[in-house]
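Presented below is the structure to which this report refers.
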Amino acid sequence: MIASVAFRNFKALRSAQLVLAPFNLIIGPNGSGKTSLIQALLRLRSLARLPLREPVPEGERLPEAAEISFRFNPPHDGLEAVLACVDEASCDLLQLTPLPRGEGVDDWPGLRTRLLTLRSYVLDHLAITSTGAGRSNGNKLASHGGNLAAVLAVRRELAPGYYTALCEELTELFPEFSDLVLLPELGSFGLRLRDGGDIVPADNLSQGTLYTLALLAIAHDPTPPAIVCIEELDRGLHPRLLRGVRDVLYRLSYPSDYGHDRAPVQVIATTHSPLMLDLFRDHPEEVVIADKVGRAATFARLADRADLADLLTEGASLGDLWYSGILGGVPEEP
Amino acid sequence: MSSPASRPLRLALLGESMVDEAALSILVEAVLGAPFVRVQPNLRARGWPSVLQILPAIARHLHFNTNADGLIVLVDADDTEIHTAAHEAPGYFHPRCRMCQLRSSFRRATKTLPPAHGRTHMLRAIGLAVPAAEAWYLCGLDESVGEAAWLAAREEGRTPYTRRELKARVYGTERPNLPQAVAFATAAARRHAVDLRRLEYDFPGFACLADDLRNWGKVNG
Ligand SMILES: [Zn+2]
């Protein structure tokens, strides 16, 4: 979907480029630009809703103004979208530039349709367990997951096959439960204990269980978005569940590997967990290290680190290498 | 404690993933020629070097807090030294061979422990998958995969296949999910269980594990 993003003067990203893969795990200290990347994507989606603006003449733009350039994979690799700011207050100019080669130069409507489906999640267990979200807003999971109960109810009614697959994967990941139980009269849900059959209501479930259920609702969406951003993917999860959660998202990014006949979903996830990073030892091209030196943040692909294989040969885990600081992506110290 | 000869062995398995442990369990039963009882089935290591660091604590815990007869460990060699016949010489220790490292660590961790649960010491068996357990699953299906081929290529400075490629060949994807991976790995293990000779011949890192297991009978005579 999105092939690359280049930043100029956008928050801490003074001059930073990033090539995106189908699946991207972003690690780095707080304030290193992980969230800024996702904010930039959200801004692209917001501006894609509006009519395109005529470019501002070069002389009228501030030389230090923020600018974010997006390039795309085929079938839209002939277009560049530039998100530019006229001044600090009005960052609302989306300009399209045809590139010398590539396809889709005339298909902004097609690209726009895909961009508008982008979803970003910062899941919040309190929002998920709050009751009363109406059935009417159950078509797409909200950013904090607050309408999860409504989404599950709509899914069961309109896409029962997807709902069943979701339930099966949930009980594989959490074998202590035998079933997902919807409680529409309460605008809520619960999980049935395999042992004894009691229902544990949503507000008694662990955060990790709730977040995993929300991720499954995203993964078992019959019409998934083109891009999904998930902040703090590991949050609340037992270390041994990380692999299962990664696999759920891999299926979104590489559907044909799992026999699914649909377009891949580009996944951009952030984590602070060295144990999550350990799972990517064989796929350093999927790991992005966000770094911050002084006030300037940058991005680097782990796979571009020339001596990575040599570092791993010495036997250390990827998570330990990251923690040690030699990969970058750690907080600065006084 | 009853003699292990008169009842199923009680064994703990330590691997790097539930996939490898599922296959290992089938292979161990095939070598022993009898079912065994799994002790502490939730045991797991987080890959190298975690498994080396955690082994002394696990050995101690199993010895004092469980009635396990033995511990079986399986690790991937990745790009490290292969455990060769030369390493079997008395007193030999190769500092970059994971088999030598694990054997030494287990010996140091257990040699001074007093008897517990009616046994003087726990048995141990260690396997080294070169370069990863997926190679064992391909044994007999892919002629290019084996320790000799791996070693010959490494001596020429080549990597004949990566872990990623092995995964793709075994599972049909570089990113198998757990149920997929367990299904493939256990099917391969059941195929080997019928006749273990090919796996032992092509993968001395498995033969070491099998020898350890067969020697248990002699130890307990
Ligand atoms: Zn050795």
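Note on naming: letters A, B, ... go to the chains in the order of the sequence lines (proteins, then strands), and numbering restarts at 1 for each one.
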Exercise: identify the closest heavy-atom pair between A:Asp257 and B:Arg175: OD2-NH1, 4.3 Å

Residues in residues 126-139 of chain B near chain A [non-hydrogen atoms, under 4.5 Å]: none

Salt bridge (Lys or Arg N to Asp or Glu O under 4.0 Å) contacts touching residues 301-311 of chain A (sequence neighbours left out): A:Arg305-A:Asp307

Residues 232-243 of chain A: residues contacting chain B (heavy atom under 4.5 Å, by number): A:Arg240, A:Arg243

Within 6.0 angstrom of A:Asp195 CG, more than 12 heavy atoms from elsewhere: no

Distance in Å, A:Leu312 CG paired with B:Asp78 CG, rounded so as to fall on 0.5 Å steps: 9.0 Å

OH (B:Tyr201) with more than 12 external heavy atoms under 6.0 Å: no

Sidechain N-carboxylate O distance under 4.0 Å for A:Asp282, B:Arg163: yes

Gap separating the CD atom of A:Glu169 from the CG atom of B:Asn177, nearest 0.5 angstrom: 7.5 Å

Contacting region of B:Arg96 [heavy-atom separation from chain A under 4.5 Å]: side chain

B:Gln180 vs A:Tyr258, side chain to side chain contact (heavy atoms under 4.5 Å, CB included): CA-CA, chis, key distance, verdict: CA-CA 9 Å; B:Gln180 273 178 324; A:Tyr258 305 91; 3.5 Å; yes

Shortest non-hydrogen contact from A:Ser317 toward B:Pro49: N-CD, 3.8 Å

Where at least one partner belongs to residues 46-63 of chain B, residue pairs that pass salt bridge (Lys or Arg N to Asp or Glu O under 4.0 Å), sequence neighbours excluded: A:Asp278-B:Arg46

Among B:Thr80, B:Leu52, B:Leu178, B:Thr162, residue most engaged with chain A (heavy-atom pairs, under 4.5 Å): B:Leu178

